[in-house]
Amino acid sequence: MQAQGRLIGLGVGPGDPELITVKALRLLRESPVVAYFVAKGKKGNAFGIIEAHLQDAQNLLPLVYPVTTEVLPAPLSYEQVISDFYDDAAEEVAAHLDAGRDVAVICEGDPFFYGSYMYLHDRLASRYEAEVVPGVCSMLGGASVLGAPLVYRNQSLSVLSGVLPHDELKRRLADADAAVIMKLGRNFPKVRDVLAELGLAERALYVERATMANQKIVPLDEVEPMSSPYFSLIIVPGERWQG
Ligand SMILES: C[C@@]1(CC(=O)O)C2=NC(=C\c3[nH]c(c(CCC(=O)O)c3CC(=O)O)Cc3[nH]c(c(CC(=O)O)c3CCC(=O)O)/C=C3\N/C(=C\2)[C@@H](CCC(=O)O)[C@]3(C)CC(=O)O)/[C@H]1CCC(=O)O
Ligand SMILES: C[S@@+](CC[C@H](N)C(=O)[O-])C[C@H]1O[C@@H](n2cnc3c(N)ncnc32)[C@H](O)[C@@H]1O
């Protein structure tokens, strides 16, 4: 019987191609199949990070999100469309694994930190040998380029999704020593309002595409509300310890 291939969830870091780990680079080069999630009509951020390392003999398997921000006509539900997409993507990957080929699923940042790889892992890791290679996640890439130490001494860090409703976000931020707010994009205006209401706007730092070639750091009050890209985040660093 044909030995199965291995499923590899490969974190490729937040953008700067030098922020990929030595291990991820080795496994990337050794994998006959390289799969990557990408939004429709885009090149793929994860793909752009590792593109220079690909070799001709490698098979590319783009997994193209059917929707990201689009409104779907009834009766289609976003959750159902996405869930069906992951089912199909998992089977495409499985076909290579069944044929004995290892598949590296590259993932921007870390695969287990809001990473698309998780949805393949959940579907396939019980059927195939799976290995996950951690990556530098975006909030740590962000903290470094913003020059923002995150947490001192016994402070706690809250990682929040900008998708949360206004009041829920406010409640959680009010309690936080330090926070990272992910998934801005269309959520940016709401997030900025909440920060202002809590008196946190002065302390908050904003970065777009941290560590990427087109990184942008803009003071929070100067961000064009509707032009914040999905690949941006806000950091509210912990109060500096005067020790
Ligand atoms: C709905 C929404 C809300 C939300 O984030 O919850 C959402 N994506 C949104 C927008 C968006 N996504 C992308 C772009 C283009 C970016 C660009 O290329 O510029 C844009 C913007 C745009 O299209 O304009 C591409 C993308 N997305 C993911 C990856 C893979 C990865 O990063 O691993 C890549 C390619 C990465 C690459 O290129 O490498 C992954 C995820 N995106 C998810 C959801 C989750 C899966 C779906 C689900 O289960 O709903 C998951 C797995 C995250 C999770 O589950 O946490 C949100 C609307 C926010 C709003 O309202 O503004
Ligand atoms: C689908 S999650 C992927 C997170 C990724 N797996 C990680 O480890 O950081 C996408 C969210 O991560 C954040 N993000 C990812 N890369 C980023 C970057 N280079 N700069 C700023 N934010 C980034 C944004 O908040 C974006 O909405």
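Read the numbers this way: they start at 1 and go in the same order the structure lists the ligands and their atoms. For clarity, every value in this text was computed on a predicted model and none was experimentally measured. Heads up: numbering here begins at 1 and tracks the sequence.
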Problem set entry | Pro14 touching ligand 2 at heavy-atom level, < 4.0 angstrom |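 Within the 4.0 Å threshold, so yes.
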Exercise. For ligand 2, is there an atom lying under 4.0 Å from some heavy atom of Thr211?
Worked result: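 Heavy atoms of Thr211 never come under 4.0 Å of ligand 2.
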For this session: May I ask you to identify, for Ser232, whether its side chain, its backbone, both or neither come under 4.0 Å of ligand 2 on a heavy-atom basis?
Result: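 Backbone only; the side chain of Ser232 stays clear of ligand 2.
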Problem set entry | Glu108, portion touching ligand 2 at heavy-atom distance under 4.0 Å |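 Answer for Glu108: both.
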What protein heavy atom lies closest to [atom]? Include the residue and the distance to one decimal.
atom	answer
atom 38 (O) of ligand 1	Asn45 N, 2.6 Å
atom 3 (C) of ligand 1	Val163 CG2, 4.1 Å
atom 46 (C) of ligand 1	Tyr86 OH, 3.1 Å
atom 4 (C) of ligand 1	Lys183 NZ, 3.3 Å
atom 43 (C) of ligand 1	Tyr230 OH, 3.7 Å

Exercise. Within the distance-only criterion (no hydrogens, no angle test), does the side chain of Thr211 pair as donor or acceptor with the backbone N or O of Asp16 below 3.5 angstrom?
Worked result: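 Present.
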Distance from [X] atom [atom1] to [Y] atom [atom2], nearest 0.5 Å?
X	Y	atom1	atom2	result
Ser31	His96	OG	NE2	12.0 Å
Leu195	Asp221	CG	CG	12.0 Å
Tyr117	Asp122	OH	CG	9.0 Å

Exercise. Ligand 2 and Tyr230, any nitrogen or oxygen pair closer than 3.5 angstrom?
Worked result: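 Yes, there is a polar N/O contact under 3.5 Å.
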For this session: Answer with yes or no whether the side chains of Tyr206 and Ser228 bring together a donor and an acceptor at under 3.5 Å.
Result: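 Per modelled atom types, Ser228 and Tyr206 side chains form a pair under 3.5 Å.
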Going by the order shown, which atoms of ligand 2 are within less than 4.0 Å of some heavy atom of [X]?
X	answer
Lys183	24 (C), 25 (O), 27 (O)
Tyr114	1 (C), 2 (S), 3 (C)
Met212	19 (N)

Exercise. Heavy atoms only: which of Phe231, Phe112, Phe113 is nearest to atom 6 (N) of ligand 2?
Worked result: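 Shortest heavy-atom distance from atom 6 (N) of ligand 2: Phe113.
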For this session: Select the closest option to atom 8 (O) of ligand 2 among Leu140, Leu19, Asp110, judged by heavy-atom distance.
Result: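 Heavy atom nearest to atom 8 (O) of ligand 2 belongs to Asp110.
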Exercise. Would the number of heavy atoms belonging to other residues, nucleotides or ligands and lying under 6.0 Å from CD of Glu18 be above 12?
Worked result: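 Result for CD/Glu18: open.
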Exercise. Under 4.0 Å between a Lys/Arg side-chain N and an Asp/Glu carboxylate O for Arg127 and Glu91?
Worked result: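 Looking at Arg127 and Glu91, the cut-off is met.
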